[in-house]
Amino acid sequence: MNELDIIRFIQGIRNPFLDTLMELLTELGDQLVFIAIALVIYWFFNKRVAFKLVFVFISSAIVNELLKGIIARNRPYVEDPSLGVGTLTHGYSFPSGHAQNTGVITTVLYKNYSNKSKWLKWVLLAAIIIVPFTRMYLGQHYLTDVLAGLALGIVIALGVSVVVDMMGDKEHLFGLLITIPLVLIVFIISSFGQTYEELKNLFVAVGGLTGFFVGYAVDKLYIQYNDLPKGIKVLYRALVGALIVGAFYLGLSFLFDMIAVDNLYLDFVRYLFVGFGGSAISMFVFKKLKV
């Protein structure tokens, strides 16, 4: 049985309900879910852990994009169009970005919070199983894609977490320093003629990282609001933060679409503001509102 046959075997259970369910569950490994988790940790639990998660995530995203470009493996639905289910993802197949994202998020959360919650480890285990399975069910990835993605995500999370711990109390400075070469490299890569779909995730990731790291430094050095909300203030903070981030995410999307559709540089700027809004601007507003 080859890897295409494995996908055909999995799709033997296909029906309209499962198609829809798998499309929803696969989003657990999407970048937007990562952003939501990072913001929740930043606003309600521990800013340093949120910093670590973002640092690990961008490291993982860079490795993923490099490997995809080097290996250039076509997705299963490209080899057999009948295997494509739902919205088809562009770009190359190996390793799976969704599986790698899941490996990163679950590892960082497990290392930092598994001892504080009895049910968290079971939720994380479910995510590690479900997300890779959905990628194969949807015909987006082979078995080796998702296994390699998971393994890479876990290894990178463990290794980069040690690096972040070694930064001590100067992590904000390292965050600022790393954004400079990253932005330069990404903008240089964009001149090599790749398509929008091939570079979109990289521009989005580096844009969000830049905004977050700048915002993190501004928050730590100048805003310095570390109060954690309790009671009804938890809801107030969640609503205010969601409004701020949503304003940048949706507002700039609407504005930039009037300027140019599918533009890498505008995507970079939009996510830069999302990252900065979710860190510095949100904490500044929280401080002023005392929530």
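Keep in mind that what you see is a predicted model, and the values were worked out from it rather than measured.
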> Ion pair present between Lys200 and Asp262, side-chain N to carboxylate O less than 4.0 angstrom?
Replying inline: no
>> Minimum heavy-atom separation for Arg237 and Trp43, please, with both atom names.
In response: NH1-O, 2.6 Å
> Would Ser279 and Asp219 count as having a side-chain donor-acceptor pair, cut-off 3.5 Å?
Replying inline: no
> Do we get Arg73 above Tyr142's six-membered ring, with its NZ or CZ under 6.0 Å from the centre and within 45° of the axis?
Replying inline: yes
>> Looking at Asp19 and Arg14, is any side-chain nitrogen of the basic one under 4.0 Å from a carboxylate oxygen of the acidic one?
In response: yes
>> Taking the ring of Phe187 and the ring of Phe203, is the distance between their centroids below 6.0 Å?
In response: yes
> Would you call Asp227 and Lys287 a salt bridge, using N to O less than 4.0 angstrom?
Replying inline: no
> Are Val162 and Val108 co-members of a hydrophobic cluster defined by side-chain heavy atoms under 4.5 Å apart?
Replying inline: no
>> I want to check a possible cation-pi pair here: Lys47 against Tyr42, using under 6.0 Å from ring centre and within 45° of the ring axis as the test.
In response: yes
>> Can you see whether Arg135 engages Ser93 through a side-chain donor-acceptor pair at a distance of less than 3.5 angstrom?
In response: no
> Going by an N to O cut-off under 4.0 Å, is there a salt bridge joining Arg8 and Asp80?
Replying inline: yes
If you look only at distance, which donor and acceptor atoms sit under 3.5 Å apart when one is on a side chain in residues 210-217 and the other is two or more places apart or in another chain?
unit_1: Thr210; atom_1: OG1; unit_2: Val206; atom_2: O; d: 2.7
unit_1: Tyr216; atom_1: OH; unit_2: Glu171; atom_2: OE2; d: 2.5

> Should the pair Arg270 and Tyr249 be classed as cation-pi, given the thresholds of under 6.0 Å to the six-membered ring centre and 45° from the axis?
Replying inline: yes
> Any sub-3.5 Å donor-acceptor pair from Thr106's side-chain atoms to Gly103's backbone N or O?
Replying inline: yes
>> If hydrophobic clusters are built by linking Ile, Leu, Val, Met, Phe, Trp and Tyr wherever their side-chain heavy atoms come under 4.5 Å apart, do Val245 and Phe45 end up in the same one?
In response: yes
